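Reviewing the structure listed below.
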Amino acid sequence: MLDISINPDQPATEIYTELTSFASALVDGEPDAIANMANISALIWQYIPDLNWAGFYRVQGSELVLGPFQGKTACIRIAIGSGVCGTAVATGQVQRVADVHAFPGHIACDAESRSELVVPVVKDGAVIAVLDLDSPRPDRFTQEDEDGMVGLIGAIANNLG
Ligand code: SME
């Protein structure tokens with residue numbers, strides 16, 4: 001539906017600026033969080049290389065519950081505090097994991113995953129969900145990826161819950 005041309009040779013900061021403006025346009029005026037998470041997962045999956053999973057988990061009580069995603073089927077419920085995603089919610093901090101095998105309690109939904117980036121989605125001061133990105137490449141996610149995804153999620157968080 002939305003056709004954007006991103007040149008992969010651009011600096012990462014420019015790619016994320018463009019991706020964030022397209023993400024904002026995609027969710028603009030749409031209050032349904034599930035629909036928006038579905039489109040944002042697809043947008044990231046299409047334009048960010050070397051991912052084997054991209055999607056959301058939503059905070060439901062004391063658990064995270066699988067939301068819209070792209071990639072292989074995944075575990076449905078994760079206790080807050082468990083794994084990389086649950087740690088991101090418990091701490092409210094981005095988790096950028098260079099080697100998932102070295103992360104205590106990492107939950108392996110896809111055995112191919114080697115590195116992971118989890119960004120909390122904060123609305124009205126509370127973590128309502130996480131964006132989870134997995135890569136089969138060790139140390140795939142840079143500080144620029146972290147900053148870019150934090151900016152993207154921050155720009156659209158009000159339409160994700
Ligand atoms: N690896 C995550 C679980 C979710 S899957 O990667 C899709 C974790 O440890 O929380």
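Since the model is a prediction, treat every value here as computed from it, not as a measurement.
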Measuring from atom CG of Asp32 to atom CG of Asn159, what distance do you get when rounded to the nearest 0.5 angstrom?
10.5 Å
Let me check something: do Phe103 and Leu133 share a hydrophobic cluster, defined by ILVMFWY side-chain heavy atoms less than 4.5 Å apart, either directly or through other members?
no
Looking only at non-hydrogen atoms, find the nearest pair between Ser115 and Pro138 and report the distance.
OG-C, 4.0 Å
Taking atom types as modelled, find out whether Asn52 and Asp134 have a side-chain donor-acceptor pair closer than 3.5 angstrom.
no
So, using side-chain hydrogen bond (donor to acceptor under 3.5 Å, both in side chains) as the criterion, who are the partners of Asp50 when residues are at least two apart?
Arg137
Return all side-chain donor-acceptor pairs below 3.5 angstrom for residues 71-89, not counting sequence neighbours, or 'none' if the list is empty.
from, atom 1, to, atom 2, distance (Å)
Arg77, NH1, Glu63, OE1, 2.9
Thr87, OG1, Gly83, O, 2.6

Please say yes or no: joined through hydrophobic side-chain contacts below 4.5 Å, possibly via intermediate residues, are Phe69 and Met149 part of one cluster?
no
Any Val94 side-chain heavy atom under 4.5 Å of Val150 side chain:
yes
With rounding to the nearest 0.5 Å, note down the distance linking CG in Asn36 to CG in Leu43.
11.5 Å
Indicate if Val130 and Ile128 have the same hydrophobic cluster label, given that clusters are the connected sets of ILVMFWY residues with side-chain heavy-atom separations under 4.5 angstrom.
no
Between Arg58 and Leu66, does a side-chain contact (heavy atoms from CB on, under 4.5 Å) hold up when you go through it step by step?
CA-CA 6 Å; Arg58 297 185 305 139; Leu66 182 64; over 6 Å; no
For Ala157, does its backbone N or O pair with a side-chain atom of Lys123 as donor and acceptor, under 3.5 Å?
no
At their closest point, which heavy atom of Pro136 faces which heavy atom of Arg114, and how far apart are they?
O-CG, 3.1 Å
According to side-chain hydrogen bond (donor to acceptor under 3.5 Å, both in side chains), who are the partners of Tyr16, at least two apart in sequence or on a separate chain?
Asp145
Return the orientation label for the His106 and His101 ring planes: parallel under 30°, perpendicular over 60°, tilted otherwise.
perpendicular
With a 4.5 Å heavy-atom cut-off, do Ile44 and Leu51 have their side chains touching?
yes
Whether Gln10 side chain and Asn7 backbone form a donor-acceptor pair below 3.5 Å:
yes
State, to 0.1 Å, how close Gly161 and Ala33 come at their nearest heavy-atom pair, and which atoms those are.
N-CB, 3.6 Å
Asp99: what forms a side-chain hydrogen bond (donor to acceptor under 3.5 Å, both in side chains) with it, not counting sequence neighbours?
none
Sequence neighbours excluded - salt bridge (Lys or Arg N to Asp or Glu O under 4.0 Å) pairs with any residue from residues 146-161:
Arg96-Glu146
For the hydrophobic clusters of this structure (ILVMFWY residues joined by side-chain heavy atoms under 4.5 Å, transitively), does one cluster hold both Val100 and Phe141?
no
Mind running side-chain contact (heavy atoms from CB on, under 4.5 Å) on Ile48 and Arg140 for me, showing each step along the way?
CA-CA 11 Å; Ile48 300 295; Arg140 156 69 183 81; 3.3 Å; yes
How many angstroms lie between atom CD of Glu116 and atom SG of Cys109, to the nearest 0.5 angstrom?
8.0 Å
Quick check for you: to the nearest 0.5 Å, what is the distance between Thr17 atom OG1 and Leu152 atom CG?
10.0 Å
side-chain hydrogen bond (donor to acceptor under 3.5 Å, both in side chains) filter on Ser135, not counting sequence neighbours, yields none
CG on Asp132 to CG on Leu117, rounded to 0.5 Å:
8.5 Å
Does a side-chain heavy-atom distance below 4.5 Å link Ile156 with Leu26?
no
Can you name the closest pair of heavy atoms from Ser41 and Ala54 and give their distance?
CB-O, 3.7 Å
Nearest 0.5 Å please: distance from the CZ atom of Phe22 over to the CD atom of Gln46.
11.0 Å
Side-chain heavy-atom pair Ile40, Phe56 within 4.5 angstrom cut-off:
yes
Find out if a path of hydrophobic residues (ILVMFWY) with successive side-chain heavy-atom gaps under 4.5 Å connects Ile153 to Val97.
no
